[in-house]
Amino acid sequence: MLTADQVLIAGGAMERPVPFPGWTLPGVMNAGAGQILFKAHGIVPADGVVLAGSGPLLLLLAWQYLHAGVEVQALLDLTPMINHLYALPRLPRALLARHYLTRGLFYKRDLKRAGISTLHNISELRAHGDERLESVSFRHRGRRERLETELLLVHFGVIPATQLTQVAGCRHEWDAGQQCWRPCLDAWGQTSVAGILVAGDSAGIGGARAAEHAGRLAALQALHALGRLDAASRDRLARQDRQWMQEDLHIRPFLESFFRISDAMLRVPDDDTLVCRCEEVCAGAIRAAVADGHLDSNQVKFLTRCGMGPCQGRQCSQAVGHIIAAASGKTVAETGHYRERPPVNTLTLAQLAGLYPEERE
Ligand SMILES: Cc1cc2nc3c(=O)[nH]c(=O)nc-3n(C[C@H](O)[C@H](O)[C@H](O)COP(=O)(O)OP(=O)(O)OC[C@H]3O[C@@H](n4cnc5c(N)ncnc54)[C@H](O)[C@@H]3O)c2cc1C
């Protein structure tokens, strides 16, 4: 147990969980997990892999696997074609951070030269198998196609990890551009709760460099609040970080609209698709709760137990919001988010019992 007058939360991001038929089968994993296994432990798929979803990470991972000698059976791009149109007006600003764009084009060129099959505008992704993944099917150019594979890595972008700020009672808002909840912050990263600041991806996805600058800005504000730095010095020291952060964020509006996940993918899993994998609650049960008049995420949670399992809603909370919104005609912002309950991470009973040693004496 630690106490402090100023607390800076920098819990990062997590991959956006998106339920689709078969997503809980062994052999279906997140692309981020694949990348961590590769980068941290040198572990790569032995018998080929299908990559599916939307976002720069998929492209990067395909490229990394290519250079590690892994057989990439296919790259299924679920980015809707219409996104190109929406992203176009944001391209001029993105060109100010063109190094990100050129890197993406470089990966694409290498994958094409290596003959890796990239299928665009994919929809209706499904994973099939009895005990574990055996194949993947999808719709492409109006036809249903199927690929035999033992490993499917999916990616639908990343969302802020807001569990800590939610438990702390900070106010959050729905970010329609990033399709996620994020804490409401001022320009220094201060939340609605005095003494709690947030920096980095848990404040909204901005990437690694922007996270560093935001961390320094929040630290300067914490020093100021503690009386160690006057306002003029804080502002002076912050100037460079603020400018670099703005420059780095030029690419974001373009990326957000280009890789925006389609409503069809987010909102309409079949009734028998598992949404809460801990408590085994399907999309149909959530829709039934909505039909009974429960239009709020927390009401649906109480009624169905969706989000009450060991992951405490990390995997299902966003999907529940989207399903309620689609079924009720509300916006996701109106459906609200789960009220987070501690502990934020799983811990043993011994750890829990050891939190207050003075009470045992
Ligand atoms: C799967 C994935 C792949 C990515 N790939 C790339 C890439 O290839 N290139 C790139 O530039 N960016 C990538 N990013 C983005 C990049 O990682 C982030 O932009 C950057 O790390 C954000 O920094 P941060 O300090 O906000 O969070 P992080 O660097 O994620 O740090 C958060 C820290 O908080 C800790 N933490 C979280 N919750 C708790 C808790 N309850 N208690 C204690 N500690 C906690 C975590 O363990 C972690 O150490 C990726 C992100 C993800 C999720």
Side-chain angles (χ1 to χ4, degrees), residues 1-2 4 7-18 28-41 43 51-68 97 99-104 106-107 153-168 170 175 178-180 182-183 185 189 191 196-219 222 241 244-245 247-252 255-256 259 261 310-315 318 340-348 351-352 355:
M1 294 286 273
L2 296 170
V7 175
L8 172 48
I9 295 178
M14 59 179 275
E15 280 184 278
R16 181 196 307 277
V18 176
V28 182
M29 288 168 47
N30 284 332
Q35 197 194 41
I36 290 167
L37 283 171
F38 177 40
K39 281 175 34 178
H41 308 286
I43 295 172
L51 301 173
S54 185
L57 180 69
L58 270 188
L59 205 56
L60 171 62
L61 185 60
W63 185 83
Q64 288 171 330
Y65 276 162
L66 170 70
H67 287 271
H99 52 286
Y100 287 113
L101 296 175
T102 47
R103 218 184 308 157
F106 168 76
Y107 296 147
L153 296 182
V154 292
H155 180 71
F156 299 97
V158 290
I159 55 173
T162 53
Q163 291 81 18
L164 284 171
T165 41
Q166 286 181 357
V167 168
C170 305
D175 183 330
Q178 295 196 349
Q179 299 169 289
C180 64
R182 62 195 287 171
L185 304 177
T191 66
I196 299 186
L197 304 101
V198 186
D201 275 2
S202 49
I205 306 305
R209 285 197 203 160
E212 286 179 29
H213 300 308
R216 276 198 286 270
L217 293 177
D241 274 303
W244 282 333
M245 192 164 87
E247 286 170 10
D248 204 61
L249 291 175
H250 282 318
I251 190 78
R252 286 288 142 188
L255 291 182
E256 283 162 23
F259 292 114
I261 311 296
C311 92
Q312 286 289 291
R314 266 187 179 76
Q315 293 293 317
Q318 297 252 331
E340 288 285 336
R341 301 285 183 226
V344 165
N345 285 2
T346 48
L347 75 174
T348 64
Q351 286 171 324
L352 193 60
L355 275 180

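In each ligand, atom 1 is the first atom listed, and ligand 1 is the first ligand listed. Index from 1, following the sequence.
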Show the distances, to 0.1 Å, for all pairs joining an N/O atom of ligand 1 and a protein N/O atom that are shorter than 3.5 Å, listing one pair per line.
from, atom 1, to, atom 2, distance (Å)
ligand 1, 19 (O), D201, OD2, 2.7
ligand 1, 19 (O), A208, N, 3.0
ligand 1, 26 (O), D201, N, 2.8
ligand 1, 34 (O), A10, O, 3.3

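The closest side-chain heavy-atom distance from R314 to V344 is below 4.5 Å.
Y107 is linked by a ring-ring contact (aromatic ring centres under 6.0 Å, His included) to W63, counting only residues two or more places apart in sequence or in another chain. Under the side chain to side chain contact (heavy atoms under 4.5 Å, CB included) criterion, I196 pairs with I9, A168, C170, T191, V193, not counting sequence neighbours. The side chain to side chain contact (heavy atoms under 4.5 Å, CB included) search around A222 returns Q6, L197, not counting sequence neighbours.
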Full working for side-chain contact (heavy atoms from CB on, under 4.5 Å) between V154 and V18: CA-CA 9 Å; V154 292; V18 176; over 6 Å; no
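Heavy-atom minimum distance, I159 versus C180: CG2-CB, 3.7 Å.
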